[in-house]
Each structure stands twice: as C-alpha cells, then as structure tokens.
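Notes follow once the structure below has been shown.
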Amino acid sequence: AQSVTQLDSHVSVSEGTPVLLRCNYSSSYSPSLFWYVQHPNKGLQLLLKYTSAATLVKGINGFEAEFKKSETSFHLTKPSAHMSDAAEYFCVVSVGNQGGKLIFGQGTELSVKP
Amino acid sequence: DAGVIQSPRHEVTEMGQEVTLRCKPISGHDYLFWYRQTMMRGLELLIYFNNNVPIDDSGMPEDRFSAKMPNASFSTLKIQPSEPRDSAVYFCASTHLQGHTEAFFGQGTRLTVV
C-alpha cells in the first residue's frame, strides 16, 4: 500500500537559517512525489514535483527536494528561511496504478521567527 | 484558464439542511478529486473521478455524502442531511495524465454546520 509520513508536525526556524521538512514514502510502484504549501485560509499551491527525472528537484521560492530511493525519502529544504515561508507543507505521493490518486501526509507546520 | 473554481467560498447552514458544493475543473483535465480538510484528520480524499466516472469513493464518510460529475466541466458534492461534524474545508482538485502531473486545487469551500 502507498503511504506518506511527514516526520515532524511542527518545525520552527529563525529567519535566514536553513529549513528541513522531512518526508518518507512507501510505494510498491515508482512514485510521483510532490510538495504542496498552504498558507493560512488559502488553497494548496504546488512547490515542486518529482516524476522519475532528476532526483534533485528545484521548486518555487528557493525550495528544493531530493528523491532518495534507498531511503524512501523526499525531504524538502531551503537554504535560508523567509518570514513569508511560514505555512503548512504537505508531502504527497501519487498512486500511479490507481489513476492518479493522491495520498497526503499529515502536514508540517513551519514557523519562522524574526 | 482561471484555475479550479469552487463555489460557494463559505457556507453556513443549520443541521439537517442539504448542502451542495460545486466545482469547475480546469478545462482538459480528466481527473477530479474532492478532499476534506479538518484539524483532526488533515486532508482526506473523499472521491475521485476519471472522465466523469467515479473511480474510488471509499473515502466518502457516509451515505449522507454523494458526488456527481454530469459532464467534464462540473461536479457537485452533496451532503444531506448535514451535521455539525461535517464542518470542514472542502477542496476540489483536477489533473490529467494519470498522476504524473500535479493536481491543481481550488480555493476551497469552508462549510460550517450549526
């Protein structure tokens, strides 16, 4: 069965310091993986996606993620946090053999301190 | 394209009333998803369609919930009768190409059942 686990429900960093949001997945098939961001009272916006091309994926707003098959991980990173990065982040796996069904992690709330 | 359009943005209704949420997917997308988001459960997939046909409705919580997609440009999620525990934000999303591309989300409908 396919699943995704976000290892931290809440991460707090200071502005200007690196961000690391952890995600592990389980999939019987070659997965497609995504990170979405949700700002308060807003919809979900795609940050980046992995679809079996380059394992290091660059997204919007300076975020990137690395697909590591051996570790079944897809951690999200950013070298320097900005106040506007404060939001909820979701790691998502697409179940390709089930026609694109998306499985969401529980989310990680990122706080950025001045 | 204007993106995925949901209506209404906010709905307040009394317990026992029928509620209908509407969604217009992005033109050309052949998958449509309905999600529910609550603090307790996070993002849950309720049902999804492919080419207007329901593929997986295992996430629909009860018989009080029903969803239809009469054509490629319109879907509804109906709750009858509504209950306070149905209060949540309901998101519609659309995508294409069997999950190897990202899903685009609407802004959501915030439902409050009093």
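Every chain is numbered from 1 and lettered A, B, ... according to where its sequence line falls, protein lines coming before strand lines. Excluded from the calculations below are hydrogen atoms, water molecules and symmetry mates; all remaining heavy atoms, backbone and side chain alike, are included.
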### Task
Starting at CZ of B/Arg41, measure out to CD of A/Gln106 and round the result to the nearest 0.5 Å.
10.5 Å

### Message
For residues B/Ile79 and B/Phe91: do they belong to one hydrophobic cluster (side chain heavy atoms under 4.5 Å, members Ile, Leu, Val, Met, Phe, Trp, Tyr)?
### Response
no

### Message
Do A/Leu56 and A/Phe67 land in one hydrophobic cluster if side-chain heavy atoms of ILVMFWY residues count as linked below 4.5 Å?
### Response
no

### Task
Kindly compute the distance separating CG (A/Leu44) from CD (B/Glu102), expressed to the nearest 0.5 Å.
13.0 Å

### Task
Show the numbers, then the answer: is there a side chain to side chain contact (heavy atoms under 4.5 Å, CB included) between A/Leu102 and B/Tyr35?
CA-CA 10 Å; A/Leu102 300 178; B/Tyr35 286 87; 3.0 Å; yes

### Task
State the CD1-CG distance between A/Ile103 and B/Leu43, to the nearest 0.5 angstrom.
11.5 Å

## Note on the structure
When the 4.5 angstrom heavy-atom criterion is applied to B/Glu44 and chain A, the contacting part is neither

### Query
Roughly how far, to the nearest 0.5 Å, is CD of B/Gln37 from CZ of A/Phe90?
5.0 Å

### Message
Applying a strict under-4.5 Å side-chain criterion to I, L, V, M, F, W and Y, I'd like to know whether B/Val53 and B/Trp34 cluster together.
### Response
no

### Task
May I ask you to check whether over 12 heavy atoms, not counting those of B/Asn71, lie within 6.0 Å of atom CG?
yes

### Query
Got more than 12 heavy atoms from elsewhere within 6.0 Å of CD, B/Glu62?
yes

### Query
Hey, quick one: are A/Phe34 and A/Leu7 part of the same hydrophobic cluster, counting side-chain heavy atoms closer than 4.5 Å, chains of contacts allowed?
no

### B/Arg110 portion near chain A, given a 4.5 angstrom heavy-atom threshold
side chain

### Query
Taking the side chain from A/Tyr36 and the backbone from B/Phe105, do they hold a donor-acceptor pair closer than 3.5 Å?
no

